[in-house]
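Contents: one structure, followed by commentary.
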There are 2 protein chains.
Amino acid sequence: MNETLPIRPDYEGELRKAGVRITRPRKVILSILADAGDHPDALEIFKRAVEIDSGISLSTVYRTMKLLEGVGAIHRHAFEGGPSRFEPAGVEHHDHLIDLDTGDVIEFHSQRIEELQQEIARELGYDIVHHRLELYGRKRRAKASRGG
Amino acid sequence: MNETLPIRPDYEGELRKAGVRITRPRKVILSILADAGDHPDALEIFKRAVEIDSGISLSTVYRTMKLLEGVGAIHRHAFEGGPSRFEPAGVEHHDHLIDLDTGDVIEFHSQRIEELQQEIARELGYDIVHHRLELYGRKRRAKASRGG
DNA sequence: TATTTAGTTGCAAACGATTTGCAATTGCAT
DNA sequence: ATGCAATTGCAAATCGTTTGCAACTAAATA
Ligand SMILES: [Mn+2]
Ligand SMILES: [Mn+2]
Ligand SMILES: [Zn+2]
Ligand SMILES: [Zn+2]
């Protein structure tokens, strides 16, 4: 296992540099994203935002997510079934394992898989722009058990 | 235009065994799926169905896709952006590479990746129920070229 | 600081994909 | 052939998301 440095991405600077105005709603949303440990969807971000500034609208959340995605500040995930979920783009690349029972999202990374993907694409004559690897599963139950 | 609807016999039997009524719309949809070489979405299946039987409705296509998915006869893919796309479940498992320029869907399979996924899930204490691996890329351009 | 103005907002209405209620129809067991 | 539950087509509803628009505001300018 390796440590992940809990770097708080300097969103505002990044955005200013991209010519984006730093408004009140955006500050709120950015702060929520900056210290979100999970992968919230737009509605969840909206709810958290309202706690800080009750004037924020859901439209603005959607617009802001699209904007942040556009400048590469966040990643959008479309996990099976549900709405888009987001996470800051600052962290190292990783893929996800979704717990079908609880909805928990577990992150993992396999350099070997990444390499194999490149290899496959190359053989097919392609360059990978991005990819999506999601494992859907359930907690392994102890093999000999009597509990429900 | 066409004579008999060449429904894959095992396909229909599979459904009967699952207690599903074989109706005219279902026969049409099944035949379309059986010899679809691509990964059509509901609307595309609907269009193809209408050519055979103009009375079929889009609702029925959606309902049938859900039913077929439920009994495991087809797989649903939710590629980036677009609507759900489908393919018969009979073929060997494979994953997909989507050409970002043309929309082409290329199938591939890596036993090594499949194994690594299992390994990762196991380490995290999970059993994989299913997974999704999609590569999005563009055709590799020859390094020294003058063509468009 | 006051002025200016293009970017941004909240709201409501529109949107595309998919689902659903319902009355009419149909598969299929009898 | 009969009877009835399963299935259908249609329209309306739903869900997540986007958009038009008039009011507002960040931030460049004077
Ligand atoms: Mn993540
Ligand atoms: Mn396929
Ligand atoms: Zn990856
Ligand atoms: Zn696979």
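Quick note on labels: first sequence line is chain A, next is B, and so on, each numbered from 1.
Listed nucleotides C:dT20, D:dA26, D:dT8 differ in distance to A:Arg21; the shortest reach to its side chain belongs to D:dA26. For A:Ser59, taking side-chain heavy atoms from C-beta onward, the closest of the listed nucleotides C:dT20, D:dT19, D:dT8 is D:dT19.
The phosphate of D:dT17 (OP1 or OP2) has a side-chain N or O of A:Ser84 nearer than 4.0 angstrom. Between D:dT17 and A:Lys66, no contact under 4.0 Å exists linking OP1 or OP2 to a side-chain N or O. An OP1 or OP2 oxygen of C:dG7 is reached within less than 4.0 angstrom by no side-chain nitrogen or oxygen of A:Arg26.
Distance CG (A:Leu43) to P (D:dT17): 9 Å, rounded to an integer number of Å. The distance between atom NZ of A:Lys47 and atom C1' of D:dG16, rounded to the nearest whole Å, is 14 Å. Atom CG in A:Asp53 sits roughly 14 Å away from atom C1' in C:dT8 (whole-Å rounding). Put simply, NZ on A:Lys27 is 12 Å from C1' on D:dT25, counting in whole angstrom units. Between B:Tyr62 atom OH and D:dT14 atom C1' there is a gap of 13 Å when expressed in whole angstrom units. Remark: P of C:dG16 and CZ of B:Phe46 are 16 Å apart, rounded to the nearest angstrom. Per the geometry, CG belonging to B:Leu67 stands 12 Å off P belonging to C:dT19, to the nearest Å. The distance from atom CG of B:Leu58 to atom P of C:dG16 is 14 Å, rounded to the nearest whole Å.
Heavy atoms of A:Ile56 sit under 4.0 angstrom from primed sugar atoms or phosphate atoms, though from no base atom. At a threshold of 4.0 angstrom between heavy atoms, the contacts of A:Gly55 are confined to the sugar-phosphate backbone, with no base atom among them. Among the protein residues, A:Ile22 comes within range of the sugar-phosphate backbone only, with heavy atoms under 4.0 Å from sugar or phosphate atoms but none that close to a base.
One side chain, B:Glu80 or A:His130, offers a donor N or O that lies under 3.5 Å from an acceptor on the other. Side-chain contact check for A:Glu107 and A:His109: no donor-acceptor pair (N or O, by modelled atom type) lies under 3.5 Å.
Projected onto DNA chain C by closest heavy-atom contact, B:Arg76 and B:Thr23 fall at different nucleotides, the more 5' of which corresponds to B:Arg76. Of the two residues near DNA chain C, B:Arg63 and B:Arg85, the one whose nearest nucleotide lies more 5' is B:Arg85.
The shortest distance between side-chain heavy atoms of A:Asp95 and A:Ile113 does not fall below 4.5 Å.
Aromatic ring centres of B:His93 and B:His75: separated by at least 6.0 Å.
Residues B:Lys66 and B:Glu69 are not paired through a salt bridge, judged by the lack of any N-O separation under 4.0 Å between the basic side chain and the carboxylate.
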